[in-house]
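Heads up: the structure comes next, in structure tokens.
Note on naming: letters A, B, ... go to the chains in the order of the sequence lines (proteins, then strands), and numbering restarts at 1 for each one.
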Amino acid sequence: MNAEKLLEVRSLCKYFHVSGGTLKAVDDVSFDIFRGETFGLVGESGCGKSTLGRVLMGIYTATKGEILYEGAQLNPNRPGARFRYAKKAQIIFQDPYASLDPRMTVGSIIAEGMIIHNLYDGRRRAERVNELLEMVGLNREHANRFPHEFSGGQRQRIGIARALAIEPEFIVCDEPISALDVSIQSQIINLLRDLQERLNLTFLFIAHDLNVVKYISNRIGVMYLGHLVELASSEELYARTLHPYSNALLSAVPIPDPRAEREKRRTILTGDVPSPIHTPPGCPFAGRCPSVCAQCHSEKPALREVLPGHLVACHLVGDDGVFKG
Amino acid sequence: MERVLTIEDLYVSFDTYAGEVKAVRGVSLHVDKGEVLAIVGESGCGKSVTAQSVMRLNPEPPARIVYGSITLCGQDVVHAGDKQLRSIRGKDVSMIFQDPMTSLNPTMPIGKQLTEAIRHHQGLGAAEASQRAVELLEQVRIPNAAQRVKQYPHEFSGGMRQRVMIAMALSCSPQLLIADEPTTALDVTIQAQIIDLLAAIQKETQTAIILITHDLGVVAGMAHRVAVMYAGKIVETGSQEDIFYRHAHPYTEALLNSLPRPDIDRSSGRLVSIPGSPPDLFQPPKGCPFAGRCSYAMKICQEQMPPNFPQGEGHEAACWLLHKDCPKTMRGGAKE
């Protein structure tokens with residue numbers, strides 16, 4: 001993989017104004033996504049990972065900060081910019097039941113993007129629908145059917161075909177397998193990987209299943225309460241977890257192996273994720289952190305590179321990449 | 001061992017406009033005191049229907065127990081009338097549901113909901129009941145229990161609500177607790193808290209638990225015995241070790257192999273996946289339900305349902321490959 005930056009995210013914030021105040025869904029997040037890689041984003045519900053995915057797609061407008069796509073600044077408010085960007089960036093949604101229009105045939109769902117972007121003529125579009133259906137493991141007869149005739153796994157394949165129809169470069173996969181059964185999940189993961197190799201796609205893979213994220217991602221970012229708290233390559237993150245939250249998150253994942261499960265050392269966190277409306281002034285994780293110190297409550301730690309390619313936002317990690325908790 | 005629950009040859013169908021859905025097709029299982037039995041399987045395999053039949057919670061109609069017997073603490077559940085069912089539910093068996101957000105009454109304070117069952121079954125007065133509610137919340141490790149009992153469900157987080165559900169289920173010290181996907185709706189760090197709590201309470205009270213889940217990680221963490229269900233049938237049962245390390249059924253094997261484990265990553269190549277999807281239960285196949293997706297399927301698998309072949313103490317699997325006349329070279333299964 002070459003290290004060409006496809007997407008650069010700089011101090012991105014997305015706030016929502018709600019009745020209780022300002023909800024900081026994404027707060028000062030910066031990272032890059034390289035061409036051809038899979039960037040995994042993990043965190044618990046409400047941590048802002050889906051909001052971040054939607055801001056990167058241009059579905060939401062960022063409150064602050066900037067997004068550079070292939071070096072050019074992305075401004076979805078500029079007329080036509082969102083439209084041109086949509087040709088390059090597509091999204092696969094979590095819920096394969098809610099994300100397909102029940103009144104459209106599968107063929108017209110897949111062809112819609114091509115029509116909007118004025119790609120190909122009618123005959124070529126029909127051919128392309130058939131190609132796409134076969135590419136995602138369905139067959140061409142399925143084009144005339146309606147979404148309700150398909151199972152969850154098949155619907156997710158339709159969602160993938162729709163995203164691929166206009167030949168995008170970048171795809172945000174927002175929990176694409178969470179709604180599927182175990183035996184179907186692996187089919188979809190394999191399909192996504194095959195397509196990535198064939199079409200040289202770049203993925204932002206959002207999920208809460210850490211085992212899946214580890215399997216599919218080159219690099220992983222861990223989010224907590226709107227902040228990116230740790231970022232490293234997938235092997236590095238598992239081999240040398242630095243942030244106490246990442247540590248707790250990884251250790252909480254049940255392993256499907258009773259012996260390993262018995263031997264595993266677990267950090268069980270107390271309490272719940274605090275409200276993102278009145279965020280504490282210091283480290284967002286300070287309230288639940290088992291190794292918290294005085295500085296954590298007063299000062300927000302910045303995300304910094306402590307080891308090559310390994311970034312962490314924690315006061316307790318020294319510049320040599322050693323945790324002093 | 002004291003037997004809490006015995007289910008024998010249970011058939012449950014749902015009568016729908018499109019026809020009869022044969023959701024459960026001949027399930028037999030038992031649970032002893034102090035034991036955690038996990039029922040694993042994909043959605044639609046009949047695991048929840050089986051468990052809900054124990055409390056007769058499936059709405060009848062459309063649900064119908066076609067055949068079979070369910071014996072809970074010596075009582076016949078299948079032929080029980082409404083009055084008897086009311087005395088069983090909550091007292092002998094209780095249930096924790098998947099979604100803590102929708103299974104509590106939003107218009108009722110937590111304390112009152114918690115003690116509804118005790119007041120019904122034990123005839124407690126209001127003052128005693130509210131005292132008991134505080135104790136129950138303390139049992140599930142909810143801080144400030146005395147203040148919390150007066151609050152409403154919306155003031156609790158997801159994990160806290162699931163704790164309330166557990167407290168409610170345990171309020172009458174039932175013999176059997178059915179936990180239907182108790183952690184599926186929760187985040188992973190909260191899931192770990194709830195599993196720990198369930199395991200600790202199970203040890204303290206020696207309540208038998210039926211744990212319904214599709215997450216084999218949760219099974220590895222707390223089950224003693226495991227039943228693997230597929231298309232309305234139990235295809236394999238055994239101890240936790242039997243299922244994870246000495247599994248005999250190709251479905252169990254495929255299910256375990258298809259999971260991404262923490263020790264694999266991008267370099268490990270493709271995941272093993274099970275092709276196809278489960279059969280339609282309007283017209284279940286006459287042979288083995290897994291035959292269509294099984295990589296070892298033989299001619300007989302399409303024609304005839306395999307019986308259960310014993311694989312050792314308490315371990316059995318329904319697969320023709322285990323028949324004594326089947327050549328053992330047929331498969332290079334992932335065994336120890």
Separation of [Y] [atom2] from [X] [atom1] (nearest 0.5 Å):
| X | Y | atom1 | atom2 | result |
| --- | --- | --- | --- | --- |
| B:Ile274 | A:Ile184 | CD1 | CD1 | 7.5 Å |
| B:Asp280 | A:Ser151 | CG | OG | 11.5 Å |
| B:Ser273 | A:Gln185 | OG | CD | 12.0 Å |

Winner by heavy-atom pair count (cut-off under 4.5 Å) against chain B, out of A:Leu210, A:Asp257, A:Val212, A:Leu249: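 That would be A:Asp257.
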
Minimum-distance pair of heavy atoms, taken over all atoms of B:Asp215 and A:Pro254: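 For B:Asp215 versus A:Pro254, the nearest heavy atoms are OD2-CG, 4.1 Å.
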
Sort out for me which of [options] touches chain A most, counting heavy-atom pairs under 4.5 Å.
| options | value |
| --- | --- |
| B:Arg141, B:Gln240, B:Gln193, B:His214 | B:Gln193 |
| B:Ser43, B:Gly221, B:Ser157 | B:Ser43 |
| B:Gly217, B:Gly158, B:Ala223 | B:Gly217 |
| B:Gln191, B:Glu241, B:Met222, B:Arg293 | B:Glu241 |

Which atoms of [X] are under 4.5 Å from chain B, going by heavy atoms: the side chain, the backbone, both sets, or neither?
| X | value |
| --- | --- |
| A:Ser251 | neither |
| A:Ile189 | side chain |
| A:Asp194 | side chain |

Heavy-atom neighbours of [X] [atom1] exceed 12 at 6.0 Å:
| X | atom1 | result |
| --- | --- | --- |
| A:Glu149 | CD | yes |
| B:Glu204 | CD | yes |
| A:Arg262 | CZ | yes |

Stepwise side-chain contact (heavy atoms from CB on, under 4.5 Å) check, B:Phe244 with A:Arg259: CA-CA 9 Å; B:Phe244 281 93; A:Arg259 287 175 201 164; over 6 Å; no

Donor-acceptor pair between A:Glu44 and B:Thr189 side chains, under 3.5 angstrom: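 Judged by distance alone, the side chains do pair up.
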
Heavy-atom contact with chain A under 4.5 Å, split by part of B:Val219: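 Contact with chain A: none, neither part.
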
Those residues that, when tested against A:Pro147, pass side-chain contact (heavy atoms from CB on, under 4.5 Å) (two or more places apart):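 Applying side-chain contact (heavy atoms from CB on, under 4.5 Å) to A:Pro147 gives A:Leu100, A:Ile109.
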
